[in-house]
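First comes the structure, then the notes that go with it.
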Amino acid sequence: MTRTQFSILLGLILGYLVLQVHWQYEYPGWSETVNITGSLISFERSADMILLARAKDTSIDFFKALGWSHAHDRYVQLCIFRLASQGLLTKHLPYSENLFKQDIKSHQMNLLDSSLKSIPHISPRHLKQLNGYLDGINTYIETHPRPLEFILFNYRPELFTIADVLTIYKFIAYAGLNDICLIVEKLVLEVLRETDNSDLMKMSFSPHLDGLSDELIEVYKTIKDIRPIGDQETSHVPKLTNSNNWAVSGKLSESGSPLLGSDPHMDISKLPNIFYESHYIGEDGYNIFGISAAGAPGIVMGRSKQLAFSITFGMLDMSDYFVENIENMKYERDGRFYPLTERVISIAGKNCYFYETIEGHSIERSLESVQKPIDSGRYLAAKYALTVDADSKIVDTFFSPVMAKNIFEIKKTFSINSLGTNYVVADSDGNIAYQQGGNVPIRKTSNGLLPLPAWKSENLWQGYLPGEAYHSIINPPEGFVATANNHIQDPEKPVVATFSALSHRVNRINQLLQSKEKLSTEDFKIFQSDTHSLFAEQIVPIVAPHLGSSDIEKELQEWDYVSHLDSRPAAFFKLLHQNLKRNVLLQFFTPERADKYIKYSAYPLYVILHKVLESNNSTLLPPAVLQKTVRDTLAQYKGEKYGELEKIDMNNMLFAGKLPSWLGLDRQNIPTSHCFQCVKVGNPRFSQFGAPIYISQAWRMVTDMGTNVVESILPGGPGGNILSNFYAREIDALIEGTYKKIEL
């Protein structure tokens, strides 16, 4: 079938289904009462198209309602997350090499097996809540037709199980968040074994490479069959790579009550949004609004009448690579050899071989080699902070905020979680708090950034840090707390993070929070749209001595460092920054290697660039590099304004912009003033599979604990159904900064 024929057929099917669809779901005021395993739960579509649920027993009915809501509004996304987490994408979707790579990655992680082993360790209360969530999902699946996409792919989803939900949880935690630790380790490893730039790595990641030796580098050179960086990531999973959150106490607010602001940064290039907004009101007095991810019950960030809470990714080091020595399908420990566990799984009709050690080290091999049994040699093996009770910790993290009354009830729960987070919390009693949380392993011989030989048992993990090892603040004297993926490490406690985001965003947030004597949620909304770049403030003076007298070069030197849509210097700086990054890397790497790292390892490269800029070392940053950067940028710049260069494409998560625009599945070429390392962050980059993505504010929320009002923006809206008339809502709201109000 040609593409034109396929488009015509799809149009006919769409037209038919539009005539058949029950539009009563699609307008404000629609309501229905559903019996979910004995609980009568009423659903109502609000004026902002959020699904409001009302029920009796919050401890169970909340989860039934959330499961039904996820299935109703995000049926396709819910099932895709399950397929991705279990390595089943190529089984049920049209084959592509990218999906094959993702399935390989998922089977290597083997999260489903870990979930099955963890179920006996979940408390009876949490099992009851998980089953309530499943009842909601499965009630919907059993009583409603399949969505159009699954009809086209001839996919019939099975009912959901507890193991499915736990696996989605962990997939989000380790493939979506903590995989960044492995990406950084892979970059460090590749540079050390294939180039002569160990000094650059030591400087960039000091002091965490202090244990690097020539002997260890020689070990790295013996590793065989390393999977390339570009084959490592997964795209069908929420990725919390950047985020901002902050809170101020009543002494800094106009109302005299705490205020909280939250804007998690995710890939917003896909529709529907990764997050889903929901609102629940219980007859027992509970009332909560917030966001979740389809397939993961509980509220990730949100607000009840008593508590507001938000997370950023803390960059905690909860994953490691080890080097395994394999002989005749056995791995070495202190001179003795033990049999590997082998799994043979058919993926897209190809037998694939996966191997683990008893500690859960998963051998990583190239896509070609994974299709045959393992040979003797040295291999990389990934280890994730998965323990038998890891799932119960994830469950507790997302369930507890639903019913907590104040920060003291919840803070300890947040300190141990499988996400690696910075929680900022405020309550109606007037308290604000920060709580770092994770499941960081105890390492005796490193901080986690260097892959170590696993055949020496002293290099293996020795358990996990207790909750008191993580940084915590309650009611700070300065009256505010703020995080933006920045480095947070208590010097008196064990190392929990070896890598973090640059500090420009959190520094700008701190400036804004101290810019007025008294603040309001209106100020918070302005702050979330702030595009003043401290990053540009750092770079422009370094480049300035090499600028000429052209109009745009003069405009750059007079620029206010704010990325307005109609700003010429902001557009020029965007190009200059890209050229500076590449030209700095070309001092150390070949053009092919530099371009590969820019495409697939953007995050750690900014750390390297920042260290070079900070070094004030003319050897690392010679005038010739700065001069070439200016010349390259002048040759590229054609007089554009910032909004003409900075644009977002938001494409359907399944069809990825491949279908005709008249079908309405995608929104493309959206001009935006988001900017790199601003509070209103915008970071266009490539996924590990080379697909363009755009990291930005996937949700905005502000609230005053002295009121029962939450204001938010969810670009893409609640609808995941391509036939819905609220599919792709609130995109303009994100660009314009227009918030909706939710009354608790």
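The residues of the chain are indexed from 1 along the displayed sequence.
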Does the side chain of [Y] come within less than 4.5 Å of [X]'s, by heavy atoms?
X      : Y      : answer
Ile226 : Lys186 : yes
Tyr464 : Ile416 : no
Asn273 : Trp699 : no
Leu182 : Asp179 : yes
Ser69  : Tyr140 : no
Asn178 : Phe313 : yes
Cys181 : Met318 : no

**Request:** Kindly indicate, with the supporting measurements, whether the criterion side chain to side chain donor-acceptor pair (under 3.5 Å) is fulfilled by Thr37 and Asp135.
**Result:** CA-CA 7 Å; Thr37 58; Asp135 289 341; 3.2 Å; yes
**Message:** By the definition ring pair (Phe, Tyr, Trp, His ring centres under 6.0 Å), identify the one residue from Tyr133, Trp68, Tyr280, Phe399 that meets it with Phe63.
**Reply:**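 Exactly one option meets the ring pair (Phe, Tyr, Trp, His ring centres under 6.0 Å) with Phe63, and it is Phe399.
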Side-chain ([X]) to main-chain ([Y]) donor-acceptor, under 3.5 angstrom:
X      : Y      : answer
Asp103 : Leu89  : yes
Thr498 : Gly448 : no
Ser415 : Lys412 : yes
Arg343 : Cys352 : no

Distance (rounded to the nearest 0.5 Å) between [X] [atom1] and [Y] [atom2]:
X      : Y      : atom1 : atom2 : result
Asp320 : Ser446 : CG    : OG    : 6.0 Å
Gln436 : Ile488 : CD    : CD1   : 6.5 Å
Asn110 : Ile345 : CG    : CD1   : 7.0 Å
Ile119 : Leu127 : CD1   : CG    : 8.0 Å
Arg303 : Leu744 : CZ    : CG    : 5.5 Å
Leu260 : Met701 : CG    : CE    : 5.0 Å

Strictly below 4.0 Å, N to O, side chains only: are [X] and [Y] in salt-bridge contact?
X      : Y      : value
Asp164 : Arg82  : yes
Glu324 : Lys330 : no
Asp317 : Arg443 : yes

**Asked** Do the two ring centres, one from Phe414 and one from Tyr470, sit under 6.0 Å apart?
**Response**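 Judged by ring-centre distance (under 6.0 Å), Phe414 and Tyr470 do not meet the cut-off.
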**Message:** Taking the ring centre of each residue, are Phe150 and Tyr155 less than 6.0 Å apart?
**Reply:**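 Yes.
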**Request:** Give a yes-or-no answer on whether the side chains of Thr167 and Ser115 include a donor-acceptor pair shorter than 3.5 Å.
**Result:**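 Looking only at side-chain atoms, Ser115 and Thr167 do form a donor-acceptor pair, the distance falling under 3.5 Å.
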**Request:** Say whether Thr483 and Asn245, considering side chains only, have a donor N or O and an acceptor N or O under 3.5 Å apart.
**Result:**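 A pair is found: one side chain offers a donor N or O, the other an acceptor, under 3.5 Å apart.
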**Item:** Geometric cation-pi criterion Lys350 and Phe100, 6.0 Å radius, 45° cone
**Value:**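 Yes, Lys350 and Phe100 form such a contact.
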**Message:** Suppose we screen for ring-ring contact (aromatic ring centres under 6.0 Å, His included). Which residues come up paired with Phe289, at least two apart in sequence or across chains?
**Reply:**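 Residues passing ring-ring contact (aromatic ring centres under 6.0 Å, His included) with Phe289: none at all.
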Would you find more than 12 non-hydrogen atoms of other residues, nucleotides or ligands less than 6.0 Å from [X] atom [atom1]?
X      : atom1 : answer
Ile358 : CD1   : no
Glu458 : CD    : yes
Lys493 : NZ    : yes

**Prompt:** Does the ring-ring contact (aromatic ring centres under 6.0 Å, His included) test come out yes or no for Phe398 and Tyr169, once each step is laid out?
**Reply:** CA-CA 10 Å; Phe398 288 159; Tyr169 265 137; 5.4 Å; yes
**Message:** Restricting to non-hydrogen atoms, name the atom on Arg74 and the atom on Gly719 that form the minimum distance, rounded to 0.1 Å.
**Reply:**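 So the two residues come closest at NE-C, 4.1 Å.
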**Prompt:** Ala173 and Leu419: which non-hydrogen atoms are nearest, and at how many Å?
**Reply:**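 Here Ala173 and Leu419 meet closest at CB-CD2, 3.6 Å.
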**Asked** Ser457 and Asp334: side chain to side chain donor-acceptor pair (under 3.5 Å), yes or no, with the steps?
**Response** CA-CA 6 Å; Ser457 60; Asp334 298 324; 2.6 Å; yes
**Message:** Is there a side chain to side chain donor-acceptor pair (under 3.5 Å) between Asn422 and Tyr434? Walk through the geometry before answering.
**Reply:** CA-CA 7 Å; Asn422 297 313; Tyr434 162 80; 2.6 Å; yes
**Item:** Worked check of side chain to side chain donor-acceptor pair (under 3.5 Å) between Ser418 and Lys170
**Value:** CA-CA 8 Å; Ser418 294; Lys170 287 185 291 187; over 6 Å; no
**Message:** Just to verify, what does Ser292 make a side chain to side chain contact (heavy atoms under 4.5 Å, CB included) with, not counting sequence neighbours?
**Reply:**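 Applying side chain to side chain contact (heavy atoms under 4.5 Å, CB included) to Ser292 gives Leu66, His70, Tyr276.
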**Message:** Classify the ring geometry of His361 against Phe322: parallel below 30°, tilted from 30° to 60°, perpendicular beyond 60°.
**Reply:**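 Geometry flag for Phe322 against His361: parallel rings.
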**Message:** Tell me whether the rings of His107 and Phe354 are parallel (<30°), tilted (30 to 60°) or perpendicular (>60°).
**Reply:**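 Taking Phe354 first and then His107, their aromatic rings sit tilted (interplane angle of 30° to 60°).
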